[in-house]
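I have a structure here, written as structure tokens, and I will follow up with some questions on it.
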Amino acid sequence: MSDNSSPREQLDLSPDEMRELGYRVVDRLVDHLETLPDQSAGRQARRKEMEEQFDEPLPTEGEDPIEVLEQATEEILSYAMRPNHPRFFGFIPSPSNFVSVMADALTSGFNPFLGMWMEAAGPSQIELTTIDWLRELCGLPDKAGGLFTSGGSAANLTALCAAREVMLAPDQVRDAVIYFSDQTHSSIDRALRILGFQPDQIRRLPSDDHFRLDLEALQTAISDDRAAGRHPFCVVANPGTTNTGAVDPLAQIADLCEREELWMHADGAYGTAAVLCEEGRAKLDGIGRAHSLSFDPHKWLFQPFEIGCVLTRNRRWLRDTFRVLPEYLEDIDMDEEEVNFADHGLQLTRNFRALKLWMSLKVFGASAFADAVQHGFDMARTAEQIIRDRPDWSLVTPAQMGILTFRYEPEDLPESSIESLNHQLVSAIFEDSWALTSSTKLRGSTVLRFCPINPRTTEDDIRETIDHFGKLARRCHRELDAASAGQQA
Ligand SMILES: *Cc1c(COP(=O)(O)O)cnc(C)c1O
């Protein structure tokens with residue numbers, strides 16, 4: 001297939017082969033994205049089925065790259081949910097954009113090393129610039145800074161590690177206490193476990209009627225802990241919970257943290273992107289007063305996985321927390337002017353995540369992003385109205401920050417049957433996968449959770465999806481009736 005110097009042995013393709021493979025990859029991507037609305041929103045399979053299809057011994061000899069590409073796209077990648085599909089409303093969608101996809105290819109091909117400035121001056125500056133755009137959007141002060149991470153989990157871990165370093169002397173760590181609502185994302189629990197905090201140092205406070213952090217409960221818990229000789233040091237606030245989109249009272253939490261001299265961490269992995277549009281900015285008033293902030297561009301900022309971001313209100317805090325200089329990097333250590341991102345977080349080797357965000361913001365402009373974020377607010381309200389208009393559905397939480405929750409509740413059905421009916425419905429939705437949404441539990445009840453933040457989602461998509469879910473729900477209802485009739489017989 002190529003010249004006779006057996007380039008495969010050097011892991012190379014000839015220039016012609018590279019072009020052919022590359023052009024085909026682009027063709028496959030464009031075919032996929034162009035036909036996305038005509039596809040289902042995902043395809044499920046069990047482990048056994050996948051193992052039978054794909055498990056094979058390590059290939060010792062090479063195969064034709066085009067054939068392998070076809071296998072990857074046609075067979076493997078098709079067995080997955082499609083988080084960028086206009087009828088994917090589950091979990092948190094990732095409706096990315098093509099410019100960023102191409103940027104990821106460039107990043108991978110040029111492969112700059114974003115740990116040390118000396119190794120990648122241009123890319124490091126673009127990360128600084130892009131981070132500074134986000135800092136400004138969030139209303140953090142000039143001296144704030146941050147870096148891109150794999151996602152919100154890593155951003156939360158980085159931020160809480162800085163909070164511990166900055167706020168606590170070594171002998172205070174064991175008595176330190178952190179506070180957040182019961183709606184807070186599990187990645188906070190995981191970060192605290194990794195950081196060595198014990199369960200008795202964590203106050204997971206019952207949220208209020210609107211699933212927000214209850215300020216009174218927070219104040220009481222802090223006072224009680226102080227009275228008991230403990231050391232309150234941090235509050236985690238939610239600028240949009242993953243469950244319902246509820247926004248904690250950020251400005252009041254900031255006031256309280258100021259008064260009590262506590263670190264305020266805002267886990268805005270999902271919600272922070274809302275600062276791009278006016279409606280979101282108003283909802284997130286006070287977010288710029290946080291000491292640290294997580295932000296996931298791979299969610300509501302339309303980037304492909306993985307790109308998260310952590311910001312701290314003083315960029316030195318990250319450096320003070322993470323900088324360790326081994327001998328073999330002394331040559332390329334620089335003064336503070338030039339930022340070595342490896343000194344600011346968990347990773348030494350880092351890829352150029354900033355490029356996709358930078359390129360897509362350059363190509364589309366922030367106003368297109370603002371409109372796209374606003375569309376999520378609008379679509380959630382549209383969905384809420386449709387649910388309100390349908391007799392068999394009942395709204396559980398209204399559209400907030402692009403998320404709403406609801407249940408199928410046909411009249412004259414007891415609560416226990418409604419619970420199992422909605423449970424069945426979620427399984428039916430996954431199995432069918434024409435359109436997708438996921439469930440969550442609120443106050444012990446299973447509810448459907450709908451997050452319509454894809455800018456390509458139309459009102460028709462929402463209406464057709466709810467109609468479709470209605471059909472699946474009626475089928476589940478009939479099956480449930482048949483099962484209980486069978487039991488009685
Ligand atoms: C998604 C999410 C996370 C975790 O982020 P990953 O990017 O999945 O690691 C943390 N907090 C909130 C509020 C989230 O929505």
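The model shown is predicted, which means the values in this text are computed figures rather than measured ones. One-based numbering, in listed order, for ligands and for the atoms of each. Atom set for the values below is all heavy atoms of this structure, side chains included, hydrogens, waters and symmetry mates excluded.
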Answer with yes or no whether S187 contacts ligand 1, where contact means a heavy atom under 4.0 Å from a ligand atom.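 The answer is yes, since S187 has a heavy atom less than 4.0 Å from ligand 1.
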
Would you kindly specify which portion of T241 sits under 4.0 Å from ligand 1, judged on non-hydrogen atoms: side chain, backbone, both or neither?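 Neither; no heavy atom under 4.0 Å.
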
Any cation-pi pair here, R407 with W393, using under 6.0 Å and within 45°?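 Because its charged atom misses either the 6.0 Å distance or the 45° angle limit, R407 does not stack over W393.
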
Any ion pair linking D461 and R456 (charged N to carboxylate O, less than 4.0 Å)?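 Salt bridge flag = no for D461 with R456.
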
Six-ring centre of F88, R82 cation under 6.0 angstrom, axis tolerance 45°: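 Not satisfied by the 6.0 Å and 45° rule.
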
What atoms of ligand 1 come closer than 4.0 angstrom to any heavy atom of N156?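 Numbered from 1, ligand 1 contributes 10 (C), 11 (N).
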
Is it true that, when you exclude E74 itself, more than 12 heavy atoms of the residues, nucleotides or ligands shown sit nearer than 6.0 Å to its CD?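 Above 12, so yes.
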
Any idea which atoms of ligand 1 are less than 4.0 Å away from a heavy-atom of H298?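 Every atom of ligand 1 under 4.0 Å from some heavy atom of H298: 7 (O).
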
Within a distance under 4.0 Å of any heavy atom of D267, pick out the atoms of ligand 1 and give their elements.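 Ligand 1 atoms under the 4.0 Å threshold to D267: 10 (C), 11 (N), 12 (C), 13 (C).
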
Can you tell me if Q303 uses its side chain to pair, donor with acceptor, with the backbone of P95 under 3.5 Å?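 Checked: no pair found.
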
Any ion pair linking D200 and R174 (charged N to carboxylate O, less than 4.0 Å)?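 Yes, charged N to carboxylate O under 4.0 Å.
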
Which atoms from ligand 1 have a heavy atom of I92 less than 4.0 Å away?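 Heavy-atom distances to I92 below 4.0 Å select 15 (O).
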
Pair R289 + E258, salt bridge at N-O below 4.0 Å: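 Yes, this pair counts.
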
A269 neighbourhood, listing ligand 1 atoms whose heavy-atom distance to it stays under 4.0 Å: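 Listed by number with element: 2 (C), 3 (C), 10 (C), 11 (N), 12 (C), 14 (C).
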
Show the atoms of ligand 1 that are less than 4.0 angstrom away from any heavy atom in G151.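 Listed by number with element, the hits are 7 (O), 9 (O).
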
Below 4.0 Å from any atom of ligand 1, is there a heavy atom belonging to E306?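 The answer is no: ligand 1 sits nowhere under 4.0 Å from a heavy atom of E306.
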
Mark up the atoms of ligand 1 that fall under 4.0 Å of a heavy atom belonging to Y270, in ascending order.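 Going through ligand 1 atom by atom, the ones under 4.0 Å from Y270 are 15 (O).
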
Using only atom types and a distance under 3.5 Å, with no angle test, would you say the side chain of T437 pairs donor to acceptor with the backbone of R449?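 Flag set: sc T437 to bb R449 pair under 3.5 Å.
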
Proximal atoms of ligand 1 relative to T242 (non-hydrogen, under 4.0 Å):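 Once the distances to T242 are compared, the set is 12 (C), 13 (C), 14 (C), 15 (O).
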
